[in-house]
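Report on the structure given below.
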Amino acid sequence: MTGSSGSTVPSARAVTGLVGMATALREGDVSARELTEEALRRIEAAQPRLNAFRSVRAEAALAEADAADRRLAAGERLPLLGVPVAVKDDMDVAGEYTAFGCPGTFAPKTADSEAVRRLRAAGAVIVGKTQTPELGQWPFTEGGAFGETRNPWNPAYTPGGSSGGSAAAVAAGLVPAALGSDGAGSVRIPAAWTHLVGVKPQRGRISTWPEPESFNGLTVNGVLARTVADAALLLDAAAGPHPEDLHHPARIAAAEAVRAVEATGRTPRRLRIALSFGVAFTATPKSLHPEVRAAVERLAGRLESLGHEVVPEDPRYGPIGLTFVPRATSGVRDWAARVPDPALLDPRTHEAVRTGRILGGPVLRAARRAEAVLGRRVGEIFGRFDVVLTPTTATGPLRIGALAGLGAMATDRAMIAACPYAWTWNVLGWPGVNIPAGFTGEGLPVGAQLLGPADSEPLLLGLAAQVEAVERWDRAWPTTP
């Protein structure tokens, strides 16, 4: 393409990142149709290798792109007008089915979920829905309904889960950013294992409607992107409540006088950061891989070089693990009742359903009541520190099929061993941000978490952006699929 002055204008292939695409569209350097066609081309080329998408809305997305181009030509400006993005297959998109990783024949949805509605209101083009394991239960994205979703950094490994399809799509450059959901680390874990920024926001920040809350408050919708600025832009676009949501956190603007996007441009004050390698009690074996520990310790040194104080200290988790299982398995029980043919579900799902039936009712209510006490106990650390830094996972990515064929208990033990660090913040509902921490000796990504108290997204995003400015993790790309 060439502009009227004769200067070269970037092609759709050359424009990357959510912020970059939105800027190029506003300035008329590229069209929404060109960006969407390029995204669809990349998705089609990568699908046999990565299997990131459950469904692709090629015809509908191109129609949305053409409509966006007409709006742009008429002078309309919206944060994401004409930008192609993807959403996870637990979010309703009108005209598409929501299988949530399950087998069976599902009816198309008649309305968008609130998060998707807000993306559309910001002008985004929804190119498709990304893969997730059955009912989002596991930190790998594999299943009888769709096969295996693979990691762009090495297709012999999983991108993680349960937002593994969204992570693979963003890491491979198929889309600039995507929505996922996080019930026990399901945004942060795949972000860590694919070299992305993954934001689990405050519970209720991004609506889960048509669910008033998801998995008894454990699961929130979040974002995956290559840069902090891209993640913040998508967070701002998707954030906001539905009137019937159970959780209505204070707006980010009210908490810090800035939107998420603006927070990424503010250099944080000198912070006191707790470096934590401790994990909550689960009665299962766990061991932090030395390469992951070294990567997080290196980031701790980086934070010190930026002027922050980093001190070893663990949160007091107490019996938080006892409250997680009733909430999680009751959520699986509720979702499993909605699928068209429950007999097709994984045997491990049936076991979770049975556990959910046993632990529902009084046990579940007690688990919910315990959250306030646990919040005070764990939150005590924020009287002494501003942020907690931990590994996001205890190991690098797992091999494809590593947990295939295991029973429910063996699967639980294996995934807790690999991912013992993320789930506690889901019980509490507080924000956490994964940032890339480096690579293993085999070239596989690992990540670190920045964890904060309630409504601390601006602080965490500002700190993540400060680290990104010197780490420049956005320059590293996997081999093009």
Closest heavy-atom pair, Leu461 versus Ala232, reported as atoms and distance to 0.1 Å, is CD1-CB, 4.4 Å
Scanning both residues in full, the closest heavy-atom pair of Gly185 with Asn426 reads N-OD1, 3.4 Å
Hey, mind stepping through Arg120 and Glu64 against side-chain contact (heavy atoms from CB on, under 4.5 Å) and telling me if it holds?
-> CA-CA 10 Å; Arg120 290 194 194 278; Glu64 291 173 12; 2.8 Å; yes
Carboxylate-amine/guanidinium proximity below 4.0 Å for Arg71 and Asp69 = no
Between Ser31 and Glu34, is a side chain to side chain donor-acceptor pair (under 3.5 Å) present by the stated rule, with each step listed?
-> CA-CA 5 Å; Ser31 71; Glu34 288 170 321; 3.2 Å; yes
Distance-only side-chain donor-acceptor flag, Lys200 / Ser186, under 3.5 Å = no
Gln466 vs His308, side chain to side chain donor-acceptor pair (under 3.5 Å): CA-CA, chis, key distance, verdict = CA-CA 11 Å; Gln466 185 186 34; His308 302 295; 2.7 Å; yes
Heavy atoms from other residues, nucleotides or ligands near CZ of Arg77 exceed 12 (cutoff 6.0 Å) = yes
Ser181 and Lys88: side chain donor to acceptor below 3.5 Å = yes
Does NZ or CZ of Arg203 fall inside the cone over Trp425's six-membered ring, less than 6.0 Å from its centre and within 45° of the axis?
-> no
Ring center gap for Trp193 and Tyr157 short of 6.0 angstrom | no
Exceeds 12 heavy-atom contacts within 6.0 angstrom, atom CD of Glu44 = no
Look at the rings of Phe100 and Phe215 and say which category their plane angle falls in: under 30° parallel, 30 to 60° tilted, over 60° perpendicular.
-> perpendicular
Do Thr36 and Arg33 meet the criterion of a side-chain donor-acceptor pair at a distance under 3.5 Å?
-> no
Residue pairs involving residues 131-146 (criterion side chain to side chain donor-acceptor pair (under 3.5 Å); sequence neighbours excluded) | Asn51-Gln131, Glu134-Thr349, Gln137-Thr349
